[in-house]
Amino acid sequence: MGLIDKLISTARRSSPWLLHFDCGSCNGCDIETLACLTPVYDVERFGVVNVGNPKHADILLVTGTVNLRNREVLAVLYEQMPEPKVVVAIGACGLSGGIFREAPNVVGGVDKVIPVDVYVPGCPARPEAIIDGVVLALEKFRGKALAVL
Amino acid sequence: MQTTALALAVLGAALLLGGLLSGLDRRLTARLQSRQGPPFTQPFFDVIKLLAKERMVTNPWQAFSPLATLSAAACALLLFAWQGDLLVILFVHMAGGVFLVLGAMASPSPYSQIAGQRELWQMLCCETLLFVMAGALYLTTGSFRVSGAAALGEPLLYRLPLLFAAFLLALTVKMRKSPFDLAGCHHAHQELVRGVFTEYVGPHLGLLEIAHWLEVVLYLAICSLFWATGPWGMILLPLTAFLAVIVLDNVSARLTWRWMLGWGWGAAFVLSAVNLFWLKG
Amino acid sequence: MTIQPGLTGSIFFLSITGSSMTEAILVVLIIVPFFAALACLLIRSTACRACIVIATAAMLAVSSLLLQGPLAPDAGLRWAGLIDPLITGCDFLLLAVMFYLGCRYRHPLIVLLTAGQLGLFVRLEFFVFAKDRGHALFQVDVLSLTLVRVVCLVGGLICLHAIPYMQAHEQHQNPARSRQPQFFALLLLFLGAMNGLVLTNHLAHFYFFFELTTLCSFLLIGHDRSKEAMDNALTALWMNGLGGLLLLFAIQGLYGQSAMLDMTGLAAATAGNQAALLPLSLLLLAAFTKSAQLPWQRWLLGAMVAPTPTSALLHSSTMVKAGVYLALRFAPAFAHTLLAQGLMLAGGFTFLAAAALAIGQRNAKKVLAYSTISNLGLIFACAGIGTPAAVAAAMLLILFHAVSKGLLFLCVGTAEQQVHSRDIEVLRGLCARMPLTGMIAVLAVLTLIVPPFGMLLGKWLVFEAGADHLVFYLMLVLGSSFTLLYWVRLAGTLLASGQVEGFKPERQPLLSRFPLVALACGAVVLALGAPILYGRLLPGGQTWSAGRGGVLTTAVGSFPLDVLFAVAALLGLLALFGVSRAMAGRKAFPYLAGANTRLPDHFVGPMNRPVRAMVENSYLAPFFGEERWTLWVNLAAAGFLLVMLGGALWQ
Amino acid sequence: MAGTILPFGPQHPVLPEPLHLNLQIEDEIVVSATPAFGYVHRGLEKLADIRDFRQMIQVVERVCGICSMIHALTYCQGLEELMGIEPTPRARFLRVIWSELHRLHSHLLWLGLFADAMGFESLFMQLWKVRERIMDINEATAGNRVILSVNVIGGVRRDLDSGQTAWILSELAEVEKGFSAMSRTILHDYTVQKRTRGKGALSRSQAMELGCVGPMLRASGVSQDMRLLGYAAYGELEFAPVVEQDGDCYARCRVRFAELGQSIGLIRQAIAKLPAGDTSVPVKGRPPAGEVVARAEQPRGECLYYIKANGGKFLDRLRIRTPTFANIPALTVMLPGIELADVPVVLLSIDPCISCTER
Amino acid sequence: MTIEADRIDSVELCRAVAAFKAKGCRFVTITCVGADQRGAELLYHFDRELALSHLRLTVAGDEVPSICGIYSAAFLVENEIQDQFGLRFNGLVPDYRRTLFLAGEDSLPPFRRKSGPDQEE
């Protein structure tokens with residue numbers, strides 16, 4: 001079974017499908033995340049596809065602060081992703097609430113709602129940093145249980 | 001026993017080919033978009049990863065549908081390999097589409113249900129054209145068996161140029177490329193999320209992806225009938241068609257299904273009918 | 001518990017041995033239902049009625065299976081002297097009843113048509129027909145055997161299903177006096193009439209049974225006595241009355257050509273006779289009205305107001321098959337003529353147009369009705385093509401259609417009693433509410449559209465037989481695509497639900513469940529036996545390599561039935577495994593853009609309110625709506641009929 | 001039973017931002033669309049209570065990452081007016097340059113997303129490839145790709161030397177070449193026109209009545225552009241608003257596409273006329289008690305800041321009316337009657353910035 | 001420095017706004033300057049040919065007439081003010097009932113001051 005395990009493990013690290021959720025971001029990190037897909041950065045080189053559907057995603061990229069309304073959405077999206085999955089919080093807001101942490105309708109960072117595996121700092125985070133975060137997230141798959149074939 | 005081994009070999013080859021074609025598609029598309037794109041082997045990694053993910057269904061039927069779709073696709077392909085009856089191949093292939101739609105409509109998600117409907121309109125277009133093509137095959141070769149095309153002695157394309165144009169439309173639809181990727185293209189930034197595939201998760205999605213490879217291979221195999229005089233024609237014509245569809249995808253916006261049903265399909269049907277009458281007359 | 005008269009009868013007849021065995025079976029098939037009907041009418045006890053119906057159904061089923069062709073040439077002849085005047089007498093009675101009905105409901109058209117029939121019938125009976133008729137009274141060949149078995153087996157099961165159905169129906173309707181005795185009497189009477197219709201070889205007798213089914217149909221459609229029901233019943237009566245009149249004219253013409261009333265003899269004798277084409281075309285027109293072909297579809301659509309067993313039995317499985325039976329019976333007479341071409345095109349057009357109109361329907365029973373019309377069109381077209389392969393395909397289609405469609409009607413009926421609607425949108429998610437009925441309905445739909453099941457096999461044969469006729473082939477292709485569309489949509493709609501838990505079959509009476517399960521099994525088993533059936537259905541003398549290694553081979557193609565069935569069976573097993581694994585996994589809610597609530601199909605909408613995510617199918621009224629298109633489609637169909645008639649006159 | 005009800009958002013692949021639309025559909029034609037908001041609401045105007053008027057520059061830059069420079073610009077201009085400060089001429093021209101760079105990157109971004117919404121992925125990729133040059137200019141001149149943080153009260157914090165301006169001009173030439181090469185596809189391709197022409201059309205009077213701003217208004221035939229107010233150095237530069245008459249998605253696309261060229265022209269003019277001198281004036285003290293309304297033209301249209309100071313370090317009231325906030329009501333009028341497949345196209349045609357709308 | 005604005009009260013509001021509409025003005029927005037228990041101050045901004053005009057409405061209590069009937073686009077900003085300041089606009093369509101941005105009725109309006117603006121320090 002060693003071979004199959006290895007194959008699955010390699011496949012997981014070679015085929016990260018992303019779900020990007022804008023969780024109250026100022027769009028700064030969002031457009032940088034989107035920019036990662038475009039010719040200059042082209043993350044599809046690493047097999048990354050932006051799927052836009054939690055049910056198909058392996059990695060959840062969250063930008064922005066959590067507020068009282070979108071925290072439910074964030075929790076639902078996380079729940080709807082099939083295992084194994086990792087979460088990457090992007091930008092100062094995703095990490096801690098950033099500059100908005102004292103604003104009236106802000107709960108704080110992403111890790112207040114769901115477990116975060118990788119934190120990508122920056123305001124906004126640069127595309128290179130985001131790619132780096134995704135690569136770090138891929139390594140997290142090593143630690144996750146090999147499910148279910 | 002020998003037959004089983006042979007069948008497995010055919011399926012294995014088709015899987016390999018389908019996966020590589022899918023990889024070629026992604027890489028070529030990336031190149032046309034000034035990107036480098038993923039490695040050719042990317043689709044295999046995708047599928048292996050999907051097969052090893054968690055199972056989640058919103059309706060038990062969704063666990064059944066992918067299996068049925070995959071076996072229909074495999075069956076149709078094997079029938080083709082055994083030089084079967086094109087009508088039967090199309091019927092079996094159609095059954096795969098039926099189960100795909102049933103699985104999509106079984107989920108309570110409005111996205112996949114609407115997509116199921118759209119997929120039906122799509123099937124209406126594709127299947128009609130293919131059945132007309134089967135009729136044309138009969139008229140030219142006197143048989144519905146795909147072996148007839150090779151026995152004809154000259155490329156079918158000479159006699160069915162208009163039908164080939166119509167076939168390209170069906171191929172575009174089947175490869176889920178714009179202008180007709182009404183539901184469920186790979187890069188799914190569209191109103192229906194990922195169309196009929198929205199609710200399929202992990203292994204089930206993986207099976208559907210494999211079924212899709214096989215279907216594309218089947219379509220290209222059918223395409224090869226248009227130039228079945230020798231191995232070169234049988235390789236080059238489908239390859240050209242495949243590349244043409246990818247290029248078309250990259251130089252056009254997606255049109256709506258109403259357009260497809262009205263203009264696209266209308267024109268294709270008329271073209272193929274004209275071709276048929278011309279053949280007969 | 002009283003011993004039923006039918007039962008004693010059957011014991012009596014079974015004791016008769018030897019060559020008269022077949023005659024005994026014929027009697028059971030045709031006469032016993034009449035007595036059973038009488039018993040139903042007289043005995044008002046519910047339990048007794050149920051017993052009578054069950055016994056009759058069982059007896060008919062057994063008899064139909066025991067019946068074997070061909071008959072001795074003199075079968076039944078010794079009773080001809082008794083039967084002939086009896087039927088003539090009944091004919092007058094029947095026409096008188098219809099005339100009375102026309103007067104009572106002040107329907108001048110019915111009065112006129114019936115009067116016409118009466119006049120013509122009197123003329124024929126007393127001044128034209130010779131008294132000496134020395135030919136076989138009955139005809140048992142593959143065609144009639146197929147139909148008899150459909151009538152007795154499918155029809156019997158439908159009658160069983162009707163017992164609990166009508167009980168519930170009356171509870172819902174709550175009439176002052178139970179009308180079930182009449183209902184079941186009519187059902188059984190109808191079975192007898194239908195058996196007579198397909199077994200008789202005498203054209204005048206055929207006319208009687210033809211009219212008798214019309215009357216049964218009228219009474220059953222009007223069963224609920226509502227205004228709508230009566231209107232539709234009258235429509236059915238006058239349209240079928242017109243068919244009867246046309247049939248009489250045809251009989252007159254045919255008799256004029258060859259001075260016989262022997263149906264098989266006539267079909268053989270008139271072959272190649274140009275002058276016979278006009279009466280033959282009238283015959284076909286009569287068949288068209290009976291089978292509700294365009295432009296006569298209105299009565300069948302209206303008939304859907306009747307209780308569902310009526311729709312299942314008369315208006316999809318059996319009575320409407322009388323028309324195609326007539327066409328197939330006389331197919332040799334007009335084979336390879338312009339008339340046949342016209343028939344093929346008219347049938348093909350009906351197939352296409354009715355399928356298109358079915359797409360625009362959201363009333364489940366009307367979808368079934370349109371689909372019936374559409375399939376009958378296909379069978380007519382087969383009669384038009386006229387090759388042995390096409391005729392065999394037609395019989396396969398009759399068989400498979402009757403089983404699957406009857407089953408679907410029963411499913412819809414069963415569901416309708418629970419949800420009190422025929423609207424497809426209300427039936428949405430039926431599989432969650434009524435898992436057994438729902439899944440059987442889905443299975444029934446699958447048997448209609450997915451290989452290796454029978455309908456597809458039949459359709460495949462039609463494709464291959466019709467590929468030489470381009471226009472028809474295009475109609476066939478388009479019509480098939482449309483058919484696929486509305487069936488898959490219906491099945492998908494029934495499936496749509498967010499249920500993840502295991503299914504528990506709903507509770508229902510045994511008599512409701514048994515026909516459903518039996519028909520479902522029948523559909524699957526029949527499909528498996530299709531190559532054998534096909535081999536049997538082909539007329540003698542033709543050699544077809546059917547059934548070698550489970551591959552059905554024709555001159556131009558092959559259908560690997562066994563392989564496909566093996567795949568389907570394997571798939572079924574795998575699926576069972578896959579489904580159970582998937583259901584053991586984590587429960588999932590559908591994707592609702594992340595705004596899910598704790599209910600599977602609700603999302604958080606504006607103002608924080610939960611909103612139910614809903615889907616309704618697209619019926620695309622502008623493209624497929626019947627209000628908009630019926631007139632045009634009917635005009636086109638009338639055009640095709642004129643072409644057909646023109647073809648007859650030209651030659 | 002009223003047809004189909006579909007949740008569109010808050011997480012949806014078409015629109016990266018979390019807007020929710022409750023779509024009622026019949027036969028895939030939208031019958032009604034009710035929006036729901038609040039998924040990116042932070043309440044940042046309230047931060048003025050705890051951040052002083054200078055710190056608030058950092059906050060308003062993050063109202064929206066895509067037009068952050070112009071948010072800060074509007075805010076600073078408002079305070080300058082309130083405090084009676086005149087920024088230096090060089091600062092005013094530099095503000096124009098960065099403003100127009102921002103407009104360029106925003107419009108290229110929008111054109112890309114718009115192409116993606118109609119399923120034209122390769123066009124999206126090419127446009128974003130061109131856009132990266134603008135991002136490079138931003139990064140080279142301000143140190144950050146998206147949020148530039150160049151504005152201060154009284155001027156700007158950074159300067160451009162002649163080498164940089166020359167480089168900017170050469171880069172802009174490349175950018176111009178890049179998007180001009182796509183003009184035939186964007187403006188004349190059959191499939192693009194099929195998807196955009198006649199979709200979501202607003203007449204001139206409708207657009208005015210619904211209070212539309214920016215390219216939305218200009219696409220409906222109203223020649224209104226806040227830059228005509230002459231703030232910063234716009235009064236000294238030559239330009240005319242781009243106006244189209246049809247008011248549909250295609251017209252909006254044409255307006256924004258033409259504004260790409262206009263922005264490049266403005267940057268060239270500004271660089272050519274760039275006066276020498278300091279980039280900012282020193283600012284002492286706190287804003288005096290009083291109130292002011294400041295407006296500027298963002299890529300999405302008119303942005304309005306209302307600032308009320310009480311003489312203290314903290315502002316009494318800061319109110320931001322962003323352009324998308326003004327354009328959302330038009331959406332609820334445009335969506336009914338269109339096909340479901342066109343919802344993304346029409347939705348994106350207002351260039352929605354939900355982060356701006358909700359703040 | 002203050003903005004030049006016509007001071008009006010709730011009764012005159014609709015007539016004044018309708019007058020702006022008749023002049024062909026574009027409705028820009030409403031700014032709620034401050035609200036507390038005693039009342040609120042609202043600024044209505046209109047634009048005509050790049051020139052802004054303002055109305056300053058002083059409200060006693062927390063009930064304000066909605067101008068949705070005149071400028072339908074005002075629904076968004078009026079809902080926002082309901083959310084943030086806890087005012088109530090009469091005749092607002094659609095009325096989100098203080099759920100435009102926030103969770104609902106029970107949350108406190110975040111921008112509403114506890115006392116009048118004058119007493120704040």
Side-chain angles (χ1 to χ4, degrees), chain A residues 19-42 44 50-54 56 60-74 76-77 80 91-93 97-107 122-128, chain D residues 9-20 36-47 49-51 55 58-59 61-68 71 105-106 109 112-113 116 121 124-133 135-136 139 144-147 149 353-356 358-359:
Chain A
L19 172 70
H20 166 219
F21 179 53
D22 173 345
C23 192
S25 149
C26 75
N27 282 338
C29 298
D30 291 339
I31 54 178
E32 294 296 60
T33 307
L34 212 50
C36 290
L37 304 173
T38 58
V40 173
Y41 300 99
D42 185 27
E44 210 195 349
N50 183 12
V51 287
N53 174 356
H56 298 175
L60 177 61
L61 296 186
V62 191
T63 53
T65 66
V66 178
N67 75 14
L68 291 168
R69 186 166 285 179
N70 66 28
R71 87 176 153 187
E72 313 288 332
V73 181
L74 184 61
V76 165
L77 291 176
Q80 287 194 338
C93 303
I99 195 169
F100 308 123
R101 65 191 172 278
E102 289 118 341
N105 195 21
V106 167
V107 173
C123 184
R126 298 172 51 87
E128 291 90 339
Chain D
Q11 186 272 321
H12 195 282
V14 163
L15 191 67
E17 286 191 278
L19 173 68
H20 171 89
F37 308 87
Y39 295 99
V40 285
H41 179 64
R42 290 147 293 183
L44 61 81
E45 289 166 2
K46 186 72 179 161
L47 287 176
D49 287 355
I50 51 172
R51 307 269 160 82
Q55 289 171 327
Q58 270 69 50
V59 175
E61 274 171 343
R62 284 158 183 80
V63 168
C64 161
I66 306 176
C67 24
S68 76
H71 270 294
H105 111 71
S106 174
L109 171 134
L113 290 179
D116 205 34
E121 202 192 12
F124 160 71
M125 291 290 179
Q126 301 300 347
L127 284 160
W128 277 54
K129 184 184 168 196
V130 172
R131 175 178 169 269
E132 281 298 327
R133 284 185 188 272
M135 305 309 276
D136 287 346
E139 190 173 10
N144 207 350
R145 283 162 52 89
V146 178
I147 293 180
S149 293
C353 177
I354 309 305
S355 164
C356 274
E358 302 185 0
R359 302 169 308 278

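As a basis for the values below, the full set of heavy atoms in this structure was taken, side chains included, without hydrogen atoms, waters or symmetry mates. Letters A, B, ... mirror the listed sequences (proteins, then strands); counts begin at 1.
- At a 4.5 Å heavy-atom cutoff, the contact between A:R126 and chain D is made by side-chain atoms alone.
- The CD atom of D:E17 lies 6.5 Å from the CG atom of A:D30; values are rounded to the nearest 0.5 Å.
- No side-chain heavy atom of A:N53 sits less than 4.5 Å from a side-chain heavy atom of D:P13.
- With a 4.5 angstrom heavy-atom cutoff, A:E72 does not touch chain D via any of its atoms.
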**Request:** For D:L109 and A:L34, run side chain to side chain contact (heavy atoms under 4.5 Å, CB included): C-alpha distance rounded to whole Å, both residues' side-chain angles, the deciding distance at 0.1 Å, then the answer.
**Result:** CA-CA 10 Å; D:L109 171 134; A:L34 212 50; over 6 Å; no

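- Of the residues considered (D:R359, D:Q11, D:K129), D:Q11 shows the highest number of contacts with chain A, using heavy-atom pairs under 4.5 Å.
- Chain A forms more heavy-atom pairs under 4.5 Å with one residue of D:E61, D:E358, D:E139 than with any other, namely D:E139.
- Taking NE2 from D:H105 and CD1 from A:I31, the interatomic distance works out to 4.5 Å, rounded to the nearest 0.5 Å.
- There is no contact between A:L68 and chain D, counting heavy-atom distances below 4.5 Å.
- Residues A:N70 and D:P18 form no side-chain contact, since every pair of their non-hydrogen atoms from C-beta on lies 4.5 Å or further apart.
- Between the OG1 atom in A:T38 and the CE atom in D:M125 there is a gap of 6.5 Å [rounded to 0.5 Å].
- The shortest distance between side-chain heavy atoms of A:V40 and D:M135 does not fall below 4.5 Å.
- Interface remark: A:L77 contributes side-chain atoms only to the contact with chain D (heavy atom separation under 4.5 Å).
- Atom-to-atom distance recorded for A:E128:CD and D:R145:CZ is 6.5 Å, nearest 0.5 angstrom.
- Residue A:T33 does not touch chain D at all, counting heavy-atom pairs closer than 4.5 Å.
- For the atom pair OH (D:Y39) and CZ (A:F21), the distance works out to 8.5 Å, reported to the nearest 0.5 Å.
- With a 4.5 Å cut-off on non-hydrogen atoms, A:C123 touches chain D through its backbone and its side chain both.
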